[in-house]
Number of protein chains: 2
Amino acid sequence: MGVQGESPTTSRGVQPPPNLGLVDGLVQLSAAVQAVVARVAAGADLSMAQARLLGVLRDRQPSMAQLAGLLELDKSSATGLIDRAERRGLVRRVDVPEDGRSFRVLLTAKGRRLTEELADEVARGVAALTDGLSEADRRKLAHLAGRVVVHDATARGIDLSTSTN
Amino acid sequence: MGVQGESPTTSRGVQPPPNLGLVDGLVQLSAAVQAVVARVAAGADLSMAQARLLGVLRDRQPSMAQLAGLLELDKSSATGLIDRAERRGLVRRVDVPEDGRSFRVLLTAKGRRLTEELADEVARGVAALTDGLSEADRRKLAHLAGRVVVHDATARGIDLSTSTN
DNA sequence: TATTGTTATACTCTATAACTATA
DNA sequence: TATAGTTATAGAGTATAACAATA
């Protein structure tokens with residue numbers, strides 16, 4: 001819900017609207033950012049799932065189980081995702097000597113090139129969203145977004161300082 | 001990309017970082033909002049696609065073609081989506097007298113109840129994201145998000161005042 | 001026995017192409 | 001002919017359950 005242009009809190013008319021503009025604004029802002037990512041991914045003929053995978057592998061070489069955790073997928077879903085990415089030459093499975101059952105997933109050179117390209121495009125696209133803001137407002141928005149993200153991460157017990165595991 | 005907790009612009013070290021914090025902040029904020037929606041949808045045993053459908057139908061009774069346009073799907077994809085939603089008793093196809101080929105899609109009573117429930121939960125969840133902010137900061141964030149959304153909509157030629165068509 | 005990862009299976013979601021019915 | 005919608009088909013993405021190999 002609220003992923004298109006609709007307004008999840010509109011037209012309820014219950015109380016003195018508490019954070020009506022806030023919720024709508026955040027939902028629609030989120031949709032706009034997602035749209036940028038989706039467009040960039042589609043431009044490289046990638047699904048959102050594959051794009052997310054590349055993003056996660058940008059600074060990690062996780063095991064399948066860790067990868068599934070990072071993407072919040074079942075391990076069997078991760079198997080399929082990696083199979084398809086491997087077929088496209090974007091990632092590799094590399095044996096880990098310590099454990100004969102496990103291996104690490106990492107980007108190939110081709111995968112890394114593509115990942116950096118996409119990251120650049122996403123950065124440009126997202127930055128372009130704020131074209132209409134003054135530099136001061138952009139700073140303010142960055143600050144507020146950062147605080148929300150940190151607060152949320154803390155609230156759900158995620159340590160942000162440990163992103164490169 | 002950037003849909004998880006990663007940082008699409010981190011560790012490039014090219015220039016005096018322009019909007020590094022801004023882009024990362026927005027991408028991660030977007031991910032947090034999407035996660036709220038996804039959690040709420042999953043709680044009602046709905047896919048994101050079905051949740052988006054309900055959101056779009058909240059204040060519209062579009063034709064299939066219009067619906068496909070709103071969801072940015074192929075018309076055949078819309079057919080399947082509506083088929084499944086109809087099977088679950090959430091939406092109905094209603095003949096339009098003026099054109100024997102066409103009809104309108106609308107929420108059933110059950111679908112509307114569920115939609116309003118989900119909208120409430122999403123609103124609460126998204127509002128909770130900003131728990132850590134002062135009231136003044138929440139207002140500021142709402143204002144900035146709104147400006148970005150309007151600017152983006154304008155940039156891609158969308159009229160925001162016509163959401164209830 | 002427990003863990004790591006894959007396979008088998010079944011759905012949902014999506015697009016392309018071909019089709020039907022109506023305009 | 002053109003438009004509205006469906007059907008046929010194919011592939012990606014996802015989950016559950018059962019499995020094999022290793023620890």
Side-chain angles (χ1 to χ4, degrees), chain A residues 1 3-4 34-35 37-39 41-56 61-106, chain B residues 1 3-4 34-35 37-39 41-56 61-106:
Chain A
M1 199 116 43
V3 182
Q4 273 311 290
Q34 291 300 306
V37 177
R39 251 176 271 133
D45 195 39
L46 285 181
S47 67
M48 284 293 273
Q50 293 288 326
R52 287 209 323 155
L53 170 62
L54 296 187
V56 162
Q61 290 92 53
S63 67
M64 288 301 286
Q66 289 171 335
L67 184 60
L70 288 164
L71 295 172
E72 300 186 88
L73 296 175
D74 187 85
K75 52 189 178 150
S76 66
S77 305
T79 295
L81 205 60
I82 294 302
D83 283 350
R84 292 183 291 274
E86 205 166 28
R87 240 180 275 140
R88 297 181 62 159
L90 301 176
V91 309
R92 267 190 316 144
R93 286 168 162 105
V94 177
D95 286 329
V96 49
E98 307 87 68
D99 189 334
R101 300 169 299 181
S102 186
F103 45 78
R104 290 174 165 281
V105 181
L106 43 81
Chain B
M1 198 114 47
V3 183
Q4 274 308 291
Q34 292 299 306
V37 177
R39 252 176 269 133
D45 195 39
L46 284 182
S47 68
M48 284 292 274
Q50 293 288 327
R52 288 207 324 154
L53 171 63
L54 296 186
V56 162
Q61 291 92 52
S63 68
M64 288 301 286
Q66 289 169 337
L67 184 59
L70 288 164
L71 295 172
E72 300 186 271
L73 295 175
D74 187 85
K75 52 189 178 150
S76 66
S77 304
T79 295
L81 204 59
I82 296 301
D83 283 350
R84 291 183 292 273
E86 206 166 27
R87 241 180 275 142
R88 296 180 62 157
L90 301 177
V91 309
R92 268 192 315 145
R93 287 166 160 105
V94 177
D95 285 330
V96 49
E98 307 87 69
D99 190 333
R101 301 169 299 180
S102 187
F103 45 77
R104 289 173 168 282
V105 181
L106 42 82

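This is a predicted model, so every value here is computed, not measured.
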Counting side-chain heavy atoms from CB outward, which of C:dT4, D:dT14, C:dT14 is closest to B:A49? C:dT14
Is a donor on one side and an acceptor on the other found under 3.5 Å between the side chain of B:D95 and the backbone of B:P97? no
To the nearest angstrom, the CD-C1' distance between B:E86 and D:dG5 comes to 13 Å
Need one value for B:D99: base, sugar-phosphate or nothing, where a base atom within 4.0 Å counts as base even if backbone is also close, heavy atoms only. sugar-phosphate
B:D74 has its side chain closest, among C:dT16, D:dA12, D:dT6, to C:dT16
Give A:R93 one of three labels, base, sugar-phosphate or nothing, depending on what nucleic acid heavy atoms sit under 4.0 Å from its own. sugar-phosphate
Backbone of A:F103 reached by a side-chain donor or acceptor of A:R93 within 3.5 Å: no
Nearest-Å distance, CE (B:M48) to P (D:dA15)? 14 Å
Atom pair distance, as rounded to whole Å: CZ in B:F103 and C1' in C:dA23: 16 Å
If you check every side-chain atom of A:S63, which of D:dT6, C:dT14, C:dG5 has the closest atom? C:dG5
Could you check whether the side chain of B:R101 and the base of D:dT3 have a donor-acceptor pair of N or O atoms closer than 3.5 Å, going by distance alone? yes
How long is the line joining CG of B:L81 and P of D:dT6, in whole Å? 12 Å
From A:R92, A:Q61, A:M64, residue fulfilling side chain to side chain contact (heavy atoms under 4.5 Å, CB included) relative to A:V105: A:M64
Grab the CG-C1' distance between B:L71 and C:dA15 for me, whole Å please. 15 Å
Round to a whole Å and report the spacing from CG of A:D45 to C1' of C:dA15. 12 Å
Base of D:dT16, side chain of A:S76 - is there a donor-acceptor contact under 3.5 Å? yes
When the distance from CG of A:L67 to P of C:dT6 is rounded to whole Å, what number comes out? 11 Å
Take atom NZ of B:K75 and atom P of C:dT20, then tell me their distance rounded to the nearest Å. 14 Å
Select base, sugar-phosphate, or nothing to describe what B:G100 touches, counting heavy atoms under 4.0 Å on all strands. sugar-phosphate
Can you tell me how far apart CG (B:L53) and CG (B:L81) are? Round to the nearest 0.5 Å. 5.0 Å
